[in-house]
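To keep things clear, I will list the structure first and then write my remarks on it.
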2 protein chains.
Amino acid sequence: MGRITITDIAKKLKVAPSTVSRALNNHASISEKTKNDVIALAEKLNYEPNIMAINLLHRKSNLIGVIVPHITSHFYSAIITSIQDMLSNTTFNLMVCISNESFEEEVLLIQKLEKLHVDGVLICTSSETNNFDHLKKMQNKGIPVVVFDRDCSGLKADKVLVDCYSGSFEAVESLIQSGCKKIAHLAGPQNSSTTKQRLNGYLDALKKNKIPIIKEYIHHVSEFTFNSGIKASEVLLKLKNSPDAIFAVNDNIAIAAINVAKKMSIKIPEELSIVGFNDDPHSSFMTPSLSTVLQPIFSIGMLSARILLHHLKGVNTKIEFRHEVFKTELIIRESSKFL
Amino acid sequence: MGRITITDIAKKLKVAPSTVSRALNNHASISEKTKNDVIALAEKLNYEPNIMAINLLHRKSNLIGVIVPHITSHFYSAIITSIQDMLSNTTFNLMVCISNESFEEEVLLIQKLEKLHVDGVLICTSSETNNFDHLKKMQNKGIPVVVFDRDCSGLKADKVLVDCYSGSFEAVESLIQSGCKKIAHLAGPQNSSTTKQRLNGYLDALKKNKIPIIKEYIHHVSEFTFNSGIKASEVLLKLKNSPDAIFAVNDNIAIAAINVAKKMSIKIPEELSIVGFNDDPHSSFMTPSLSTVLQPIFSIGMLSARILLHHLKGVNTKIEFRHEVFKTELIIRESSKFL
DNA sequence: ATATTTTGTGCAAAGGTTTGCATAAAATTA
DNA sequence: TAATTTTATGCAAACCTTTGCACAAAATAT
């Protein structure tokens, strides 16, 4: 026995399906009696409208896609949670997609979302991505795209970003002010926009303070993971002229650095200061607790979703793209000296 | 200009829509020429079938719903990742839903998924849930439900669980064997099935080893979070007869305990052994690194998905429900003594 | 009592695709 | 050449809902 439809109700009540439809949708010109009869029967039969039919009719899926590199880090899972929160009292449903930091998979996901006829897309591109044709294609189909966290330079779209450059600059300058002279940087995978910004902040802070830039002190990890951080930290801390501070591209890498340093009996922060990026929840429980740069995760997610919703409500059809940049906040804990 | 449809192609080629449909679906009785013409034009016009129409026709959404208490913990985000992996080469799409450990929200999510006409559901119930009518209702509508991680006792459904009882028993017994005599348990929220199992494992390990059970040593946290763990640990460690070991219901709580103990200058593991549950990635980077009970996360996710897929492929219509239970693995690190 | 407005309902099309059945055209066989 | 089979295509229904338009019946105004 299939699901109960509007026609079933119509037959039992000996009225037309259209009447049932109007009764259920509380249309004005339906008599009280019919309306009540229909609603009562619908209730009794546990009727539920067939969304697929409605979607087909409205040419609209009520689906929003979100693509992130992964969800196993606190940053992205929290962003998704905040987007969900924002969407919870709307008619939209969220389709969560994971690119695994792979450009290829990301393109496939975009294609999948196109096939699903999503109404809009939120995306943080993979660290490999530097071609945005797939996103442009979506836009050309009339599907609004909101980019968050990682910039897509050259792409014209709404963007919700974080001023990593300043966050990084501030972090490194605080290291300098606390007396560190040999500051290394564990940078992220080469291509990523946040990697670049954080590296630039690091470089400019050094330049501004007339501290020579040493190539050996800049080491790119292959991935944003603990293990990647371990390898990189070992290289860095085994240099003959080893650094007295490490600014890491994120908390995981910084935590890896803490562990390597401790294993080598390097005292933190006396001999080595370490600062991370993100303020993951467990970072404050490390020993020493990790100094880091906080990003306003919930604001990023919520604003991204809100901007997309604005588009979908069709309020502003031809307004130019928004470009929002959040500020970070430096949090000094035990892993770096307080000046 | 709307999307290009099969009828558009038909008109341009002066054939019937059905012919176009058959050509695109590689139907046998279509001439090579027509087939090629259609495919060429479809390609050129960038035609994509309208899934909503197909879904309506097939009375099938190709959607699978997964409900978890939250995704900001590594455990659930990894489970979801593994489910996604399992589904990636099928035609199914995954709709991720977060209940926020709330029964009320969970019921709402189930209703939402029903409205979306999902083909199947994977669920780990909220810690508040002990009524399963919402799940039974789904099943009655013919939607297969696979329960994972947390048991729903009394519900007849496929289940993919972990033998927390044994994992917990083993962990506590290892504490006993290493010489601990006053073993406390930081238990989870009262209602959750995993909480109960872990508590029972703890109790039975004590009983078997003739260690008296002390009520004060069993403390339920209100939530599975760090902060909840901090409060509970403080209560526990400030007892006049304070414990010499803590078995925590999960790693977050255990890590909170480590931090409280350190703040109180209690030496770990000499004066206090601590064992957690889950093996979160950051647990091994703590100081001391956390002893814990590993759960085979990826296996849980993959098997759950596989069982659901089996149902959806309609292979086994009337086979009884599966009940799979994975074993855990005790990992001894620095936070507990090695006997 | 007739003309006009209001009220309540039904018809049919639209949204895009698939598929069983019918049929015309072509190819084969007798 | 006529009869039969094969091949290729089209028609129309089905999936379920919404909605503009039409229309009958009832209520109001003249």
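Below, read A as the first sequence line, B as the second, and so on, with proteins coming before strands; counting in each chain starts at 1. No hydrogens, no waters, no symmetry mates; every other heavy atom, side chains included, goes into these values.
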Would you give me the side-chain donor-acceptor pairs under 3.5 Å for residues 6-23 of chain A, sequence neighbours excluded?
{"unit_1": "D8(A)", "atom_1": "OD2", "unit_2": "T5(A)", "atom_2": "N", "d": "2.8"}

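If you measure from atom CG of L56(A) to atom P of dT17(D), you get 12 Å, rounded to the nearest angstrom. Following rounding to the nearest Å, K60(A) (NZ) and dT18(D) (C1') show an atom-to-atom distance of 15 Å. Put simply, CG on L57(B) is 18 Å from P on dA12(D), counting in whole angstrom units. Distance R59(B) CZ to dT17(D) C1': 14 Å, rounded to the nearest Å. Going from atom CD1 of I9(A) over to atom C1' of dC16(D) covers 12 Å, rounded to whole Å. Separating the CG atom of N55(A) from the C1' atom of dT18(D) is a distance of 13 Å, rounded to the nearest angstrom.
One distance of note links CZ of R306(B) with NZ of K313(B); it measures 10.0 Å at 0.5 Å rounding. Rounded to the nearest 0.5 Å, atoms OG (S126(A)) and CD (E105(A)) are 9.0 Å apart.
Applying the side chain to side chain donor-acceptor pair (under 3.5 Å) rule to N191(B) yields the partners N130(B); only residues at least two apart in sequence or on another chain are considered. Scored by the side chain to side chain donor-acceptor pair (under 3.5 Å) test, N50(B) finds no partners at all (sequence neighbours excluded). Listed by chain and residue number, S127(B), T195(B), V221(B), F224(B) satisfy the side-chain contact (heavy atoms from CB on, under 4.5 Å) test with P189(B) (two or more places apart in sequence, or in another chain). Residues forming a side chain to side chain donor-acceptor pair (under 3.5 Å) with T72(A) (at least two apart in sequence, or on another chain): none. The side chain to side chain donor-acceptor pair (under 3.5 Å) check on S99(B) picks up nothing, with sequence neighbours excluded. F103(A) meets the ring pair (Phe, Tyr, Trp, His ring centres under 6.0 Å) test with H134(A); sequence neighbours excluded.
At the heavy-atom level, T5(A) lies under 4.0 Å from the strands shown only through sugar-phosphate atoms. I54(A) comes within contact range of the sugar-phosphate backbone alone, with a heavy-atom separation under 4.0 Å but no base atom that close.
In this structure, K141(A) places its NZ atom where more than 12 heavy-atom neighbours from other residues, nucleotides or ligands lie under 6.0 Å away.
Here the closest non-hydrogen pair linking N46(B) and I4(B) is O-CG2, 4.0 Å.
The residues E101(B) and R150(B) are annotated as salt-bridged, a charged nitrogen and a carboxylate oxygen being separated by less than 4.0 angstrom. Checked for salt-bridge contact, K137(B) and D133(B) miss the test: no charged N lies under 4.0 Å from a carboxylate O.
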Hey, what are the protein-to-nucleotides 4-6 of chain D N/O distances that come in under 3.5 Å?
none

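OP1 or OP2 of dC16(D) has not a single side-chain nitrogen or oxygen of Y47(A) nearer than 4.0 Å. OP1 and OP2 of dG10(D) both lie 4.0 Å or more from every side-chain N or O belonging to S18(B).
With 3.5 Å as the limit, one finds no donor-acceptor pair spanning the side chains of T125(A) and E106(A). In the model, N62(B) has a side-chain atom that pairs as donor or acceptor with a side-chain atom of T91(B) under 3.5 Å. Between the side chains of H311(B) and D158(B), at least one donor N or O sits under 3.5 Å from an acceptor N or O.
A side-chain contact (heavy atoms from CB on, under 4.5 Å) with F75(A) is found for exactly one of I80(A), D149(A), V68(A), namely D149(A).
Running 5' to 3' along DNA chain C, contacts with non-hydrogen atoms of chain A at under 4.0 Å begin and end at dG8(C) to dG16(C).
Heavy-atom nearest nucleotides on DNA chain D were determined for P49(A) and for A16(B), and the one closer to the 5' end corresponds to A16(B). Mapping A53(B) and K14(B) onto DNA chain D via the closest heavy atom, the residue that lands nearer the 5' end is K14(B).
Axis angle between the ends of the helix from dA1(C)-dT30(D) to dA30(C)-dT1(D), five pairs each and rounded to 10 degrees, works out to 60°.
At a non-hydrogen distance threshold of 4.0 Å, nothing from residues 32-46 of chain A comes into contact with DNA chain D. Residues from residues 22-31 of chain B with heavy atoms under 4.0 angstrom of DNA chain C, sorted by number: R22(B), N25(B).
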